[in-house]
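Only this structure's heavy atoms are used, side chains among them; waters, hydrogens and symmetry mates stay out. Chain naming here is simple, since letters A, B, ... match the order of the sequence lines and numbering starts at 1 in each.
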Amino acid sequence: MTEFKDEHNAVIGVFLQRLYRQIIKLSIFVRIFAQILNQDKMYRTHTCGELRISNVNQQVTLSGWVQKTRNLGGMTFVDLRDRYGLAQLAFNMETNAELCGQARKLGREFVVKIEGSVQERSNKNPKMPTGDIEIIVDEISILNKAETPPFTIEDDTDGGDELRMKYRYLDLRRNPVRKNLELRHKMAQEIRSYLDSVKFMEIETPVLIKSTPEGARDFVVPSRMNQSQFYALPQSPQVFKQLLMVAGYDRYFQIVKCFRDEDLRADRQPEFTQIDCEMAFVEQNDILNTFEDLAKHLFKKIMNVELKGDFLRLPYDEAMTFYGSDKPDLRFDMKFVDITELAKQNDFIVFNQAQYIGGICAEGCAGYSRKKLDKLTKFVQKPQIGAKGLVYVKCNEDGTYKSSIDKFYSQEDLKKWAGLFGAKPGDLLLILAGDRNKTLTQLSELRLEMGEQLGLRDRNKFTPLWVVDFPLLEWDEETERFHAMHHPFTSPKSEDIELMDSDPGKVRANAYDLVINGVEIGGGSIRIFDKELQQKMFKLLGFTPEQANEQFGFLMNAFKYGAPPHGGIAFGFDRWVALFAGIDSIRDVIAFPKNNSGRDVMIDSPSSVSKEQLDELLLKIVKKE
RNA sequence: GGUCUGGUAGUUCAGUUGGUUAGAAUGCCGGCCUGUCACGCCGGAGGUCGCGAGUUCGAGUCUCGUCCAGACCGCCA
């Protein structure tokens, strides 16, 4: 019995001991947890942008950057900033001279923590969200001093682009830049949640891949473990997403960095972000409908713009004929009118010898002065555009016509032209002539310029369209062979397949672009999923079977094992964000962009590497002659 | 690879046919100021005129070269 009792007691003892240990452990956890909580409260109870009149009399702790101090002698005001907004701190010489003195010494961009109470302002500032209140400060601690920044951290900064890029971390503190990044974040979130809701899976694909000669120049990365061999950074995850289709992941997407080693532009960075998508068991219409819905969803959710009806689907041929561009800005009409037949029958040698004569009708511009017309002529004569000259026809209010080539054409002739344009009295016809393709491109520039001058390119108006039926191939004069216009995996239209042998240039592809306001936002195609057809395509592009096998053998192999019909699209995420932000340069929607020469001036890259690094890679730098 | 534009104070810019000590605004420093919020007022400091040649009695200004930045053409399947 005693034995049992002792045993019983021992069990209880052990139990108590264990319980005690557990309680100790728990209390340590609680203490740490409380500390974490307190730590959080230690620096701030609120953010600078959130306090309102309803917070009056609350004791608060705020941390942030000093935006500005205003020293009025007896009083001092300090604007404290974080990414949520500004709060005004108030200091009074009478109530606390020492504290007020401290506040006066705060420099711009000092990081400070303050404690104080929220009070209603006697002088409210309706321009600020927090303009009804201010903080009467009890205590300041300087968490970190700051050197005077090289430019002002304000919406309208005095800093130029170069300086802002060098100190991008300061530039990012500014509202306009922050707003762009917030927009970017919201769009990415919305895209993910929308695509997820329609069963798309985000799958990551590798960044160190294989170089291929097609398309843009690759960024190349030397491999140490595989001497004298190189990876390439992906220009897009193209082949991987097709392999994912073979693998049965029938709806894939990825918001992913892509790399192209080509010269930069305002809308082109060497590393940029795509919304890369691919679907299996679809034809062109399925893709267009799916992503038209995504586009509409984004417009609604992000911009609060309701896009009514289906997007226009404009064949490439028509886009070129009527707008001279595969990415026409359809916020305004101003279609090209071809007057070759009518205008050719004459002595005017420029028109006589032209392959194409056509123009646009600028409504209500008949009153343009000589000076303005000369300026337009200079515009089309710029080397980048390259027109020889510009012919105008003013459709006067009195029904007469005034043209730069009156000598050659009668009023009757000009009237006929105006008829073709559907011009009304008061309108101005602007006409270019020459080689068909070149003239169409030049007219396109002129059309955009006129749209700009007439204020028809409103940033708050959005006119999306699909450009469809792109040519499969493009003849390259330099290499004297066909190039894939989209990429080598794009399928030809089934009704055009027979042309692949007879007239490859005429073959149309199941390829499409999404164009909004003259910006190419995205593009894609239905892919070839038949091994034979793919090989035929490689042959057309001038690959020997060996080359094709070496570069894309893995894809051909995969196609042997049951590839489903598939297709996809990729959107330029940076461009889309810039479009929504109403700006032209994608640099402003990228946190750390590269400059015109592909340099990051903040971290100063690219840079040279050590001799050891080169040796390890068996690389040697040879100076260019 | 090419065309164009620009480089002057910490910053944004002005600077006349080549001519005395290179200016303004803003920022910075100091002083004054009790309701500012683009605070105001007074004062001060601050310059390798991108760099290198050349022309000239004399160059921020003219010429050539070069570097840097931006826009565009080529390039960007």
Side-chain angles (χ1 to χ4, degrees), chain A residues 67-81 86-95 97 100 104-105 107-109 119-128 130-132 134 136 147-167 170 212-218 235-236 238-239 258-270 272 382-386 441 445 470-474 476-479 481-490 509 511 520 523-525 537 541 570 572 584-585 587 594-599 601:
Chain A
Q67 175 77 26
K68 184 150 229 172
T69 60
R70 288 181 294 277
N71 177 2
L72 275 69
M75 296 203 74
T76 293
F77 298 101
V78 175
D79 290 337
L80 193 66
R81 185 196 69 238
L86 279 180
Q88 175 166 285
L89 316 177
F91 300 85
N92 197 320
M93 234 14 199
E94 238 165 51
T95 50
C100 195
R104 285 177 187 180
K105 285 196 196 118
R108 277 163 57 202
E109 302 306 312
Q119 294 302 329
E120 186 171 358
R121 289 197 199 181
S122 56
N123 264 1
K124 294 185 179 158
N125 184 351
K127 283 185 245 166
M128 284 173 81
T130 60
D132 287 351
E134 64 193 358
I136 308 298
E147 280 187 26
T148 305
F151 52 88
T152 56
I153 314 290
E154 279 159 22
D155 292 4
D156 286 312
T157 180
D158 62 358
D161 285 348
E162 199 179 344
L163 204 64
R164 287 172 42 218
M165 288 309 154
K166 187 169 176 192
Y167 299 91
L170 296 179
T212 55
E214 277 287 307
R217 204 174 281 115
D218 283 317
Q235 298 176 24
S236 93
Q238 185 58 37
V239 288
C258 300
F259 306 85
R260 289 175 194 177
D261 187 7
E262 297 292 350
D263 284 11
L264 292 85
R265 292 284 188 281
D267 63 349
R268 261 162 44 189
Q269 285 270 304
F272 60 101
K382 283 199 300 191
Q384 294 97 314
I385 298 179
T441 314
E445 296 293 335
F470 276 84
L472 183 68
L473 303 161
E474 205 175 16
D476 182 42
E477 294 289 345
E478 218 172 282
T479 53
R481 65 179 186 93
F482 281 109
H483 271 280
M485 190 144 179
H486 188 54
H487 59 53
F489 318 111
T490 299
E520 184 194 329
S525 64
M537 181 71 176
L541 295 172
D584 295 322
S585 170
R587 270 172 226 185
K594 310 247 183 306
N595 76 4
N596 222 11
S597 352
R599 297 199 67 84
V601 290

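- Looking at heavy-atom distances under 4.0 Å, Lys382(A) makes no contact with the nucleic acid at all.
- Residue Glu134(A) is classed as a base contact, given a heavy-atom separation below 4.0 Å to a base.
- Atom name P, nucleotides U63(B) and U17(B): the rounded distance is 14 Å, in whole Å.
- The CG-C1' distance, from Asn92(A) to C33(B), rounds to 14 Å in whole Å.
- G58(B) and C29(B): their C1' atoms are spaced 37 Å apart (whole Å).
- Among the heavy atoms of the strands lying under 4.0 Å from Ser122(A) is at least one base atom, whether or not backbone atoms are also near.
- Nucleic acid contact class of Glu94(A) (heavy atoms, under 4.0 Å, all strands): base.
- Base pairing of C64(B) is made with G52(B), judged by Watson-Crick or G-U wobble geometry with both donor-acceptor distances under 3.5 Å.
- Going from the P atom of C75(B) to that of G70(B) covers 22 Å, rounded to whole Å.
- Between Leu264(A) atom CG and G74(B) atom P there is a gap of 16 Å when expressed in whole angstrom units.
- Between A9(B) and A14(B), the distance separating the two C1' atoms is 13 Å to the nearest Å.
- Within the 4.0 angstrom heavy-atom criterion, only backbone atoms of the sugar-phosphate kind lie near Ala266(A); the bases stay farther away.
- For the pair Glu162(A) CD and C68(B) P, the interatomic distance rounds to 11 Å; values are reported in whole Å.
- At the heavy-atom level, Lys124(A) lies under 4.0 Å from base atoms of the strands shown.
- Within the nucleic acid shown, Phe151(A) has no heavy atom closer than 4.0 Å to any nucleic acid atom.
- A gap of 33 Å separates the P atoms of C33(B) and G23(B), to the nearest Å.
- Annotation: A25(B) and A38(B) have their C1' atoms spaced 13 Å apart (nearest Å).
- You won't find any donor-acceptor pair under 3.5 Å spanning the side chain of Arg599(A) and the base of G70(B), going by distance alone.
- Both Ser597(A) and Met75(A) lie close to RNA chain B; mapped to their nearest nucleotides by heavy-atom distance, the more 5′-ward contact belongs to Met75(A).
- Contacts of Ile385(A) with the nucleic acid, taken as non-hydrogen atoms under 4.0 Å apart, are absent.
- Nucleotide U36(B) holds its P atom 17 Å from the CG atom of Leu89(A), rounded to whole Å.
- Within 4.0 Å (heavy atoms only), Asn71(A) reaches at least one base atom of the nucleic acid.
- Residue contacts for Pro488(A): at a heavy-atom cut-off of 4.0 Å it reaches a base atom on one of the strands shown.
- Atom NZ of Lys68(A) and atom C1' of U26(B) are 10 Å apart (whole Å).
- Counting non-hydrogen atoms under 4.0 angstrom, Asp156(A) reaches nothing in the nucleic acid.
- Contact annotation for Ser236(A): base contact, defined as any heavy-atom pair under 4.0 Å involving a base atom.
- A distance of 11.0 Å separates CE of Met75(A) from CZ of Arg70(A), quoted to the nearest 0.5 Å.
- Nucleic acid contact class of Arg587(A) (heavy atoms, under 4.0 Å, all strands): sugar-phosphate only.
- Not a single donor-acceptor pair, N or O on each side, falls under 3.5 Å between the base of G70(B) and the side chain of Asn595(A).
- Nucleic acid contact class of Met128(A) (heavy atoms, under 4.0 Å, all strands): base.
- Nucleotides C13(B) and U8(B) have their C1' atoms positioned 9 Å apart, rounded to a whole Å.
- Comparing the P positions of A22(B) and G60(B) gives an interatomic distance of 10 Å, to the nearest angstrom.
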